[in-house]
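Note sheet for the following structure.
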Amino acid sequence: MNQQLAGFAPVPVAARMENHGNHMLKVAMQTGNDLLARVGSMVAYEGFVQYEPNPPAVRQIAKDWMTGEGAPLMKCSGDGLLYLSDYGANVVVINLNGDAISVNATNLLAFDAHLTWGVERVKGLAKFAGQGLWNTKISGQGWVALTSRGKPIVVDCGGGEDETYVDPDALVAWSPNLKVKGKRSFKAQSLIGRGSGEAFQMAFSGQGIVVVQPSEDSTDRLRVRG
């Protein structure tokens, strides 16, 4: 191989999911260990990998996505190496060890098909955002890959009395055990976020983390329904 390109070759497989650089996900596929991934995210694969867009099991769980809350999924199965990306977004790999995470559906790239998951409304926000906000909750033993528009920051809420405030446009994921509520600030509407109208933030409290991306592009955010 040309020495100038050698540094971009994939390294030996070390885990089910791992990063290849900051913007690509490498998945070690094995028969019987299927993957659910964002439709259109496959950029390359080695070996024998098959794809089934919007399989029956996904249609029922993700019925709320028909209103634009997220992106359709495809089932990936087979043996080989699978490479996924989402238009150059940063990829964050998480190994759930019996834990759970709530994810903005537009930031969900891929996860092990055997994990327990579902689309649900974020409680306590309906009066601030019309019909409320939706997220995808994933739990169990397995791997999850998220995307972030730029390098994300992970904020530890610390479990104290202080709340952590996040612009919904920049929210990627959070620990589902955190308490969530909405806050409006008319005085700060020109200072917080990039949207129009009053400033609306999500307040998190309790023991857990919040993942925040630097981008506030409205096409890549947790959507406000109303």
Side-chain angles (χ1 to χ4, degrees), residues 22 64-65 67-71 86 89-109 111 115-140 144-226:
N22 295 324
D64 292 307
W65 288 355
T67 58
E69 298 299 335
D86 183 22
N90 286 56
V91 175
V92 179
V93 177
I94 301 172
N95 185 9
L96 293 179
N97 186 21
D99 303 319
I101 189 167
S102 293
V103 185
N104 174 1
T106 60
N107 293 94
L108 184 58
L109 180 61
F111 58 97
L115 288 169
T116 300
W117 69 285
V119 179
E120 58 185 28
R121 191 191 305 269
V122 181
K123 298 178 180 179
L125 296 179
K127 66 178 181 179
F128 292 95
Q131 297 181 14
L133 301 175
W134 294 77
N135 69 304
T136 304
K137 181 179 177 181
I138 306 174
S139 61
V144 180
L146 313 178
T147 61
S148 171
R149 302 300 173 186
K151 185 177 180 180
I153 182 172
V154 178
V155 180
D156 187 348
C157 293
E161 295 182 359
D162 293 338
E163 295 177 323
T164 298
Y165 296 93
V166 178
D167 186 325
D169 296 357
L171 182 64
V172 174
W174 68 94
S175 301
N177 57 294
L178 289 173
K179 295 180 180 179
V180 187
K181 68 180 183 180
K183 177 183 178 182
R184 278 177 174 164
S185 176
F186 289 92
K187 293 181 179 179
Q189 66 183 28
S190 62
L191 304 177
I192 302 175
R194 299 178 185 268
S196 60
E198 74 275 8
F200 169 72
Q201 303 105 51
M202 294 174 67
F204 295 88
S205 61
Q207 190 71 43
I209 62 169
V210 180
V211 183
V212 182
Q213 63 187 2
S215 171
E216 293 177 318
D217 187 342
S218 61
T219 61
D220 300 309
R221 67 185 180 179
L222 189 152
R223 300 172 181 267
V224 177
R225 298 185 61 184

Discussion item. Determine whether K181 and E163 satisfy the following criterion, salt bridge (charged side-chain N to carboxylate O under 4.0 Å, His left out), listing intermediate values before the conclusion.
Written reply: CA-CA 10 Å; K181 68 180 183 180; E163 295 177 323; 3.1 Å; yes
Worksheet item: Listed by chain and number, what are the side-chain hydrogen bond (donor to acceptor under 3.5 Å, both in side chains) partners of S148, not counting sequence neighbours?
Response: none
Going from [atom1] on [X] to [atom2] on [Y], what distance comes out if it is rounded to the nearest 0.5 angstrom?
{"X": "N104", "Y": "D169", "atom1": "CG", "atom2": "CG", "result": "10.0 Å"}
{"X": "L108", "Y": "D86", "atom1": "CG", "atom2": "CG", "result": "10.5 Å"}
{"X": "L178", "Y": "T164", "atom1": "CG", "atom2": "OG1", "result": "8.0 Å"}
{"X": "T136", "Y": "N107", "atom1": "OG1", "atom2": "CG", "result": "10.0 Å"}
{"X": "Q213", "Y": "T147", "atom1": "CD", "atom2": "OG1", "result": "7.0 Å"}
{"X": "S139", "Y": "I101", "atom1": "OG", "atom2": "CD1", "result": "11.5 Å"}

With the side chain counted from C-beta on, respond yes when [X] and [Y] share a heavy-atom pair under 4.5 Å apart, and no when they do not.
{"X": "W174", "Y": "N135", "answer": "yes"}
{"X": "V172", "Y": "L146", "answer": "yes"}
{"X": "L171", "Y": "V210", "answer": "yes"}

Discussion item. side-chain contact (heavy atoms from CB on, under 4.5 Å), that's the test. Do V91 and N22 meet it? Break it down for me.
Written reply: CA-CA 6 Å; V91 175; N22 295 324; over 6 Å; no
For [X] versus [Y], what's the shortest heavy-atom pair and its separation?
{"X": "A89", "Y": "R149", "answer": "CB-NH1, 3.1 Å"}
{"X": "P152", "Y": "V92", "answer": "CG-CG2, 3.8 Å"}
{"X": "S102", "Y": "P176", "answer": "OG-CB, 3.3 Å"}

Worksheet item: Excluding sequence neighbours, so at least two apart, what forms side chain to side chain contact (heavy atoms under 4.5 Å, CB included) with N95?
Response: W143
Item to complete: Only counting residues at least two apart or in another chain, list the ones meeting side chain to side chain contact (heavy atoms under 4.5 Å, CB included) with N177.
Response: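 Side chain to side chain contact (heavy atoms under 4.5 Å, CB included) list for N177, sorted by chain: S175, Q207.
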